[in-house]
Every structure is written in structure tokens, then in C-alpha cells.
Amino acid sequence: MRILIVEDETRIADFLQRGLRAEGHFCVVANDGETGLSLALEGDFDLILLDMMLPGIHGRDICQQLRMNKINTPLIILSAMDSLDDVIAGLRMGADDYMTKPFSFEELLARIETVMRRSTEIGSDEESLAVGRLAFDRESLRFSVDGKEVKMTAKELAIIELLMSNPGTLFSRERILSNVWGLNMDPLTNVVDVYIGKLRKKIDVKGEESMIETVRGLGYRLNVGA
Ligand code: CA
């Protein structure tokens, strides 16, 4: 992947660059906010690692500028412990994840993997998804069935969004687990099945075929014909 590292602390930038190059990635480092923003605006990267406290332009503003310019490159904030407000602002501006310094390189790789998988699966930057009787508005996080709003928990929404992003595609339990709960979940847990059960209660019509089809031994898919 082509990765842009926007980080003014040389020590951290070097550490990231060395590690990511060893993993086979191509890295470009920007040591200040202006350079970072102008490189990022070219839209030529697969991933951006963005520090918050930067000379020139603050990371939070870089994030906002990018999303305003429809640059939807996956972006992970690297922040110091004391800038939690900036992190929250960054996430609101459309960052995909954040890491608090110091962090281990292994943890960074795991986060990158999750963000990249999510970005290829969720992929589109469409603001709303509609499949059959289901509709989900990503801006307002409003989910509705047959036009009526249905309250969902965050995990329920994450699962149904994943299934709706690729209707008819089979999602294994492992894939749902790693997308929704992260990489460190025990693959033997039945939490996915429990949540699918909850979702069915909310979206299905009694007596009719479920919108979420169980593919025995393999996983689940959204039944587009239902
Ligand atoms: Ca900094």
C-alpha cells in the first residue's frame, strides 16, 4: 500500500516508516501540517496516519479539509494521551480509527488491517444504503424497515450495515466478528449468532422467510429476494 505518514516527531515518523517498509509498504513522510494536507489532497494514498499536534495545520483541521474535499482515504489518528478532545473531533470529521501514543507496532498493524478491510467492504461513500425493505442512513445513523424507524444498538447497526453493503454476499462468522468486534475475539464465541437472532426479531415479518439467511456451517448473507 501507499501510506502517508503525517508526523512531526522524527523519532516516531522513522519508527513507523521503517516498520511499514519492512511490511512491504511504500511510505511518504510529511513533517508538518501544510505538507501533510497538500500531499493527502492529491488523493494518491491508500492510507493516512495522522498526528494531531502538528506545526502549521492541526491534524483535526487536516481531517476536516480532506473530508470536505471528498478525499475518503482511510485515516488513522495517532494522538498523544492529552488530546482526547481532538481525537473525538477527528472521529467526527471522518477519521476511521485512532491510536494513543505510545503504541506497539503490532497493534498498529492490526488496526490498519481492520480499517482497510472495513474500507474495502463498506467501500462506497454513499450516505445511505437501501436493500429490499431495509434502509440505513449513515449520516443520521437512522435505520428503518418498511419506512419505519427501528432502534438498533451500535453492534446491531454495524452488522446490518456490513450485510447491506454487499447484499447476497456470504459473510462468515469470523469475518463478521473481526469487522464488528475487532481481531481479538475468540472465534468460537456464539456472539454473532446471538446478534443475528436479535436483528431478525427487529427486521423480519413473522411467518415469512428471514431477510438474513443462514448458510449452514459457513455464515450469513442478506437475502435480497426476501
Ligand atoms: Ca506532534
Side-chain angles (χ1 to χ4, degrees), residues 1-125 127 138-139 141 154 158 161 178-185:
M1 289 197 295
R2 289 174 55 84
I3 302 176
L4 174 63
I5 302 166
V6 189
E7 169 65 74
D8 61 317
E9 278 173 65
T10 321
R11 190 177 51 85
I12 298 177
D14 286 350
F15 158 78
L16 293 172
Q17 181 166 232
R18 250 182 289 122
L20 291 168
R21 278 190 178 154
E23 292 289 317
H25 300 298
F26 176 82
C27 299
V28 174
V29 175
N31 298 116
D32 63 81
E34 279 107 351
T35 313
L37 178 59
S38 67
L39 285 169
L41 280 173
E42 289 170 15
D44 198 21
F45 293 93
D46 302 302
L47 174 73
I48 300 169
L49 302 178
L50 179 66
D51 182 27
M52 288 279 100
M53 299 295 284
L54 288 161
I57 308 173
H58 194 284
R60 183 190 53 219
D61 300 325
I62 294 180
C63 203
Q64 182 180 28
Q65 286 291 322
L66 290 177
R67 295 323 188 212
M68 273 168 51
N69 284 283
K70 303 275 179 226
I71 303 287
N72 293 312
T73 312
L75 190 154
I76 300 177
I77 293 175
L78 311 175
S79 91
M81 203 56 162
D82 56 2
S83 59
L84 190 62
D85 288 346
D86 297 325
V87 169
I88 293 167
L91 292 173
R92 287 212 176 111
M93 301 296 173
D96 296 279
D97 201 356
Y98 75 95
M99 298 193 68
T100 306
K101 295 169 185 170
F103 49 80
S104 75
F105 191 70
E106 284 65 34
E107 190 187 352
L108 176 68
L109 288 180
R111 296 290 187 97
I112 290 176
E113 195 179 318
T114 307
V115 164
M116 294 315 293
R117 189 184 303 133
R118 192 176 145 80
S119 97
T120 47
E121 274 171 2
I122 306 294
S124 75
D125 50 6
E127 276 163 16
R138 284 174 169 150
E139 288 277 294
L141 298 181
E161 185 185 13
S178 65
N179 263 276
V180 176
W181 278 270
L183 293 170
N184 298 321
M185 283 293 287

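Both ligands and their constituent atoms are indexed starting at 1 by order of listing. No experiment lies behind these values; they were computed from the predicted model shown.
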Original post:
With a cut-off of 3.0 Å, does M53 place any N/O/S atom under that distance from the Ca ion (ligand 1)?
Top reply: yes

Subject >> Minimum-distance atom from the Ca ion (ligand 1) among N, O or S atoms of D8 >> reply: OD1

**OP:** State the atom name: nearest N, O or S atom of D51 to the Ca ion (ligand 1).
**Re:** OD2

Original post:
What do you reckon, is CZ of F45 surrounded by more than 12 foreign heavy atoms closer than 6.0 Å?
Top reply: yes

Original post:
So, for I71 and L41, which heavy atoms are closest and what is the spacing to 0.1 Å?
Top reply: CD1-O, 3.5 Å

Original post:
Any side-chain heavy atom of L47 within less than 4.5 Å of one from M116?
Top reply: yes

Subject >> Sole candidate of I5, D8, V6, I12 that passes side chain to side chain contact (heavy atoms under 4.5 Å, CB included) when paired with D51 >> reply: D8

